[in-house]
Amino acid sequence: MKRKLEDDSPPKLPSKFNFTERDLQRHVDFNIKGYDVIVFLHIQKTGGTTFGRHLVRNIRLEQPCDCKPGQKKCTCHRPGKEESWLFSRFSTGWSCGLHADWTELTNCVPVIMDKKEAQKNKSETRDFYYITMLRDPVSRYLSEWKHVQRGATWKTSLHMCDGRSPTQDELPTCYSGDDWSGVTLTEFMDCSSNLANNRQVRMLADLNLVGCYNLSSMNESDRNHILLGSAMNNLKNMAFYGLTEFQRKTQYLFERTFSLRFIAAFTQINSTRAANVDLSEAVRRRIEELNYLDVQLYEYAKDLFLQRFQYTRQREHQAERLKRREERRWLREQREQSRASLPRRRGYGGGGDLAPTTEDYTSQVARCFSVILALC
């Protein structure tokens, strides 16, 4: 039975972005038995924990990840090797820092993997396939607020850029004490240095392009323009990304991208803490203003994601139609050959008995000619 993929119909409106076929085509030659590594960039409150568990517990593999009860991390080794094919929270842990971003991961992962696993065959290259999850910016922001309100912090995050973490002046904290538990939404929005603002753009952009966390290195307009462009480009060039709001489509595109299959279907859960927050229109607008870069990124990401889904489905349907056409053509040829061979198998000697079916074609022709000559 085919699973329903939320909405299989094409987008109702034409795309605002001029994506090429190369942008839409996504299939990588991931060699799980070689040296390739999938790197999961986990952005807070985008459904990354759920997706991360799918990666270690729900993929059909020759050698499944070894997940022991009571332990968060699983061992995800290549078939027959003591080497990891997955770099993520639930496999290697926070090896590059808590919720490491694109700037941190791209500098850290190759070094970490080379230290852990020295390649025996130096002539073989190791490809890193970066993946991530994105979420509607307002929903993600509200979810982060509720999470922080309950006492969560990410204060141990390194935010490494250009070889160092930001200073207190470059990245002031929004609260005093151990955490920000009990924070109201207004207080959360009023902190100008709150990393929840435009988090998805910041975590996907190359921060080296804007002087890292030094806001005095360029004016705000130029900085934001560079950050958004970098985040869009990095997202487009990632091997894969999914959207929290489209779980089945996310599953479908991941499976087609990596030629891997999940055991159980993804589940769409719309009843979240963020969905249960009663917002006035004014508050919603303010959240969108605080996250206006994320709003633009998500619009871009959603457009590209749905176009990739449509493109992949169309290609798959075309391949299925071609396969059925070839099967019908083959069956038709078989029937025609069968009909054409019937007269050659019929003989006239011995009271019209059928010639032995074991006779070869030359023998059957010779029998036919001998009968014709006899009649003449």
Side-chain angles (χ1 to χ4, degrees), residues 37-53 55-56 65 71-76 83-117 126 128-135 140-141 143-144 147-148 151-175 178-180 191 193-215 217 227 230-231 234-235 238-241 294 297:
V37 179
I38 293 176
V39 182
F40 180 35
L41 193 166
H42 184 172
I43 301 172
Q44 289 94 317
K45 312 315 294 179
T46 58
T49 297
T50 299
F51 185 75
R53 289 198 180 105
L55 292 176
V56 297
C65 295
Q71 294 184 5
K72 284 188 176 181
K73 288 198 298 183
C74 303
T75 302
C76 296
E83 301 171 355
S84 297
W85 59 267
L86 176 65
F87 192 100
S88 76
R89 168 191 181 183
F90 292 123
S91 57
T92 53
W94 301 114
S95 299
C96 289
L98 178 62
H99 285 285
D101 57 30
W102 190 92
T103 306
E104 294 174 291
L105 288 176
T106 52
N107 283 280
C108 168
V109 172
V111 176
I112 292 288
M113 294 303 295
D114 286 345
K115 281 183 180 178
K116 284 185 176 181
E117 302 164 4
R126 189 199 299 276
F128 296 99
Y129 295 105
Y130 287 84
I131 65 174
T132 195
M133 290 289 293
L134 294 183
R135 186 178 181 184
R140 199 215 64 78
Y141 188 84
S143 182
E144 180 164 340
H147 197 58
V148 171
T153 72
W154 296 288
K155 59 186 178 183
T156 58
S157 294
L158 300 175
H159 305 301
M160 291 290 290
C161 181
D162 195 23
R164 66 175 180 87
S165 294
T167 65
Q168 178 65 27
D169 290 336
E170 290 173 333
L171 188 59
T173 55
C174 289
Y175 57 91
D178 293 333
D179 56 45
W180 209 5
C191 179
S193 61
N194 191 346
L195 289 178
N197 300 340
N198 295 310
R199 180 180 288 282
Q200 295 178 106
V201 164
R202 180 183 59 78
M203 290 188 69
L204 289 172
D206 182 357
L207 299 181
N208 292 289
L209 299 175
V210 294
C212 300
Y213 292 88
N214 181 8
L215 301 184
S217 62
L227 284 173
S230 176
N234 289 339
L235 185 71
M238 278 185 166
F240 163 85
Y241 70 88
D294 272 10
L297 175 67

Asker: Output the distance between atom CG (Asp101) and atom OG (Ser157), rounded to the nearest 0.5 Å.
Answerer: 9.0 Å
Asker: On a heavy-atom basis, which atom in Phe87 and which in Ser95 lie closest, and how many Å separate them?
Answerer: CZ-CB, 3.7 Å
Asker: In sequence, state the C-alpha distance, the side-chain angles, and the governing distance for Leu227 and Leu207, and then conclude on side chain to side chain contact (heavy atoms under 4.5 Å, CB included).
Answerer: CA-CA 7 Å; Leu227 284 173; Leu207 299 181; 3.7 Å; yes
Asker: With a 4.5 Å limit on heavy-atom distance, are the side chains of Phe90 and Thr49 in contact?
Answerer: yes
Asker: Run the numbers on Cys96 and Val109 for side chain to side chain contact (heavy atoms under 4.5 Å, CB included), then give the verdict.
Answerer: CA-CA 7 Å; Cys96 289; Val109 172; 4.0 Å; yes
Asker: To the nearest 0.5 angstrom, please state how far the CD atom of Gln44 sits from the CE atom of Met203.
Answerer: 5.0 Å
Asker: Decide, yes or no, whether a salt bridge links Arg126 with Glu83 under the criterion of side-chain N to carboxylate O below 4.0 Å.
Answerer: no
Asker: Identify the two heavy atoms, one from Ala100 and one from Glu104, that lie closest to each other, and give their separation to 0.1 Å.
Answerer: CA-OE1, 3.3 Å
Asker: So Thr156 and Trp94, side chain to side chain contact (heavy atoms under 4.5 Å, CB included) or not? Walk me through it.
Answerer: CA-CA 11 Å; Thr156 58; Trp94 301 114; over 6 Å; no
Asker: Specify whether His42 and His99 have parallel, tilted or perpendicular ring planes, treating 30° as the upper limit for parallel and 60° as the lower limit for perpendicular.
Answerer: perpendicular
Asker: Does a side-chain heavy-atom distance below 4.5 Å link Asp179 with Val148?
Answerer: no
Asker: Assess the pair His159 and Trp154: is the distance between their ring centroids shorter than 6.0 Å?
Answerer: no
Asker: Check whether any side-chain heavy atom of Leu134 lies under 4.5 Å from a side-chain heavy atom of Leu235, and answer yes or no.
Answerer: yes
Asker: Answer whether the closest heavy-atom distance between the side chains of Gln200 and Thr46 falls below 4.5 Å.
Answerer: yes
Asker: Quick one: pull up CG in Asp169 and OH in Tyr213 and give me the separation to the nearest 0.5 Å.
Answerer: 15.5 Å
Asker: Restricting to non-hydrogen atoms, name the atom on Arg140 and the atom on Ala196 that form the minimum distance, rounded to 0.1 Å.
Answerer: NH2-O, 3.0 Å
Asker: How long is the gap from CG on Asp162 to SG on Cys212, to the nearest 0.5 Å?
Answerer: 5.0 Å
Asker: With a 4.5 Å limit on heavy-atom distance, are the side chains of Leu105 and Phe128 in contact?
Answerer: no
Asker: Would you say the rings of Phe40 and Phe51 are close, in the sense that their centroids are separated by under 6.0 Å?
Answerer: yes
Asker: Would you name the heavy atoms of Leu55 and Leu86 that are closest together and state the gap between them?
Answerer: CB-CD2, 4.0 Å
Asker: For Thr103 and Thr106, work out which heavy atoms get closest and say how close.
Answerer: O-OG1, 3.4 Å
Asker: Taking C-beta and beyond as the side chain, do Ile43 and Leu204 meet within less than 4.5 Å on heavy atoms?
Answerer: yes
Asker: With the side chain counted from C-beta on, respond yes when Thr153 and Asp178 share a heavy-atom pair under 4.5 Å apart, and no when they do not.
Answerer: no
Asker: How long is the span from the OH atom in Tyr130 to the CD1 atom in Ile38, to the nearest 0.5 Å?
Answerer: 12.5 Å
Asker: Evaluate side chain to side chain contact (heavy atoms under 4.5 Å, CB included) for Ser91 paired with Cys76, printing each intermediate quantity in order.
Answerer: CA-CA 6 Å; Ser91 57; Cys76 296; 4.2 Å; yes
Asker: For the Cys pair Cys74 and Cys65, is the SG-SG distance shorter than 2.5 Å?
Answerer: no
Asker: Does Ser193 offer a backbone N or O that forms a donor-acceptor pair with the side chain of Asn197 under 3.5 Å?
Answerer: no
Asker: Main chain of Leu158, side chain of Ser165: is a donor-acceptor contact present, judged purely on distance under 3.5 Å?
Answerer: yes
Asker: I'd like to know whether NZ of Lys155 has more than 12 heavy-atom contacts from other residues, nucleotides or ligands below 6.0 angstrom.
Answerer: yes
Asker: Can you tell me how far the NZ atom of Lys116 sits from the CE atom of Met113, to the nearest 0.5 Å?
Answerer: 7.0 Å
Asker: Would you say that Met133 contacts Thr50 through its side chain, given a criterion of any heavy-atom pair below 4.5 Å between the two side chains?
Answerer: no
Asker: Restricting to non-hydrogen atoms, name the atom on Cys161 and the atom on Asn208 that form the minimum distance, rounded to 0.1 Å.
Answerer: SG-OD1, 3.7 Å
